[in-house]
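To keep things clear, I will list the structure first and then write my remarks on it.
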Protein chains: 2
Amino acid sequence: MKKHAEINATPVCQVRMQAISDSMSLLAGKWKFHILGTLIEGSRLGFMDLLREIDGIGTKMLSKELQDLEMNNLISRTVMNTKPITVEYSITAYGKTLSPLIDEMAKWGVNYRKAVYGKNKK
Amino acid sequence: MKKHAEINATPVCQVRMQAISDSMSLLAGKWKFHILGTLIEGSRLGFMDLLREIDGIGTKMLSKELQDLEMNNLISRTVMNTKPITVEYSITAYGKTLSPLIDEMAKWGVNYRKAVYGKNKK
DNA sequence: GAAAGTAGTTTCCTATTGGAAACTATCTAA
DNA sequence: TTAGATAGTTTCCAATAGGAAACTACTTTC
């Protein structure tokens, strides 16, 4: 009959929970992982390239999410000196540090699919 | 001047993207990681225990998120034969497979904090 | 000069998310 | 018999997320 938090009240857990909230706030939404994943695979892509690569996204969301990611220094935007003007998006060194997390996310999802598929087969 | 997707059109990438979407759909929202993290730390907690451990959550969200997680077999709910009736929530074996992902998420968030803090100090 | 490619922005709309507060229902201890 | 603990559900509301379509603006090619 405990009346107060015991587990999450420890400093270690508080830091951990805060860290998870931080990560999630940067990566939340329907498209961030797709954009980052695409830029990790094929660096230096233009706006229209990304629009074609990321199935289902529209110009508004792509534009907004790219701005978010750039603000958080996960991707960089470079206006090229061409005519007509083109823009190159690429992943930053800091953005690349997300690779293990993205890989973990993909790995778990693949196994989840297998688990669900396996159950139905039985 | 490519007119069609090239990177994400490869089967490997399609599977990867689908897997990430799967993971995200199970783990999206403000509270899922907090609930899972709490149940991994301290197994066998009642509804009110969780309400106290997870700072800021309300009964409605806790109830709804617990149902979601149970449906996906990540946590289990056991009604105990006590009076008054109590309920025990715990992480499932399958839920535990999320540990590496949660750890990665926490690790990245901690480093992100450090990076931002370090920059401000200069 | 019309079409198509570059890179977005703006507007309007709907759907989902999440929170506060009140409520149900059962049981126990003072 | 009233307060407080168990475990939720329901209602009402505000904020956010996300999508479709139209529009801007500039340049090149046919």
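In what follows, every chain begins at residue 1, and chains take the letters A, B, ... in the order their sequences are listed.
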### Task
May I ask you to evaluate whether A/K30 reaches the phosphate of D/dG19, defined as a side-chain N or O under 4.0 Å from OP1 or OP2?
yes
### Message
So which atom in A/A115 and which in B/Y94 form the shortest heavy-atom distance, rounded to 0.1 Å?
### Response
CB-OH, 3.8 Å
### Listed partners of A/N72 passing side-chain hydrogen bond (donor to acceptor under 3.5 Å, both in side chains), at least two apart
none
### Task
Hey, which sits more toward the 5' end of DNA chain C by its nearest nucleotide, B/G58 or A/F47?
A/F47
### Query
Can you list every pair that meets salt bridge (Lys or Arg N to Asp or Glu O under 4.0 Å) and has a residue in residues 11-22 of chain A, with sequence neighbours left out?
A/R16-B/D103, A/D22-B/R113
#### Entry: A/E65 or B/M48, whichever maps to the more 5' nucleotide of DNA chain D
B/M48
#### Entry: N/O (side chain, A/R52) to phosphate O (OP1/OP2, C/dG5) under 4.0 Å
no
#### Entry: Of the listed nucleotides C/dA7, C/dG19, C/dT9, the one nearest the side chain of B/W31
C/dG19
### Query
NA contact type, A/Q67, heavy-atom cut-off 4.0 Å: base, sugar-phosphate, or nothing?
sugar-phosphate
### Query
Between D/dT6 and B/T86, is there an OP1 or OP2 to side-chain N/O distance shorter than 4.0 Å?
no
### Task
May I ask you to evaluate whether A/K64 reaches the phosphate of C/dT9, defined as a side-chain N or O under 4.0 Å from OP1 or OP2?
no
Nucleotide N/O to protein N/O under 3.5 Å, stretch nucleotides 21-28 of chain D:
none

## Note on the structure
side-chain contact (heavy atoms from CB on, under 4.5 Å) filter on B/I85, not counting sequence neighbours, yields B/V79
In a table with atom names and distances, give each donor-acceptor pair under 3.5 Å that connects a side chain of residues 27-34 of chain A to protein atoms at least two apart or in another chain.
residue	atom	partner	partner atom	Å
A/K32	NZ	A/A28	O	2.9
A/H34	ND1	A/K30	O	3.4
A/H34	NE2	B/S21	OG	3.4

### Task
Output every pair passing salt bridge (Lys or Arg N to Asp or Glu O under 4.0 Å) with a member in residues 76-102 of chain B, not counting sequence neighbours, ordered by first then second residue.
B/R44-B/E88
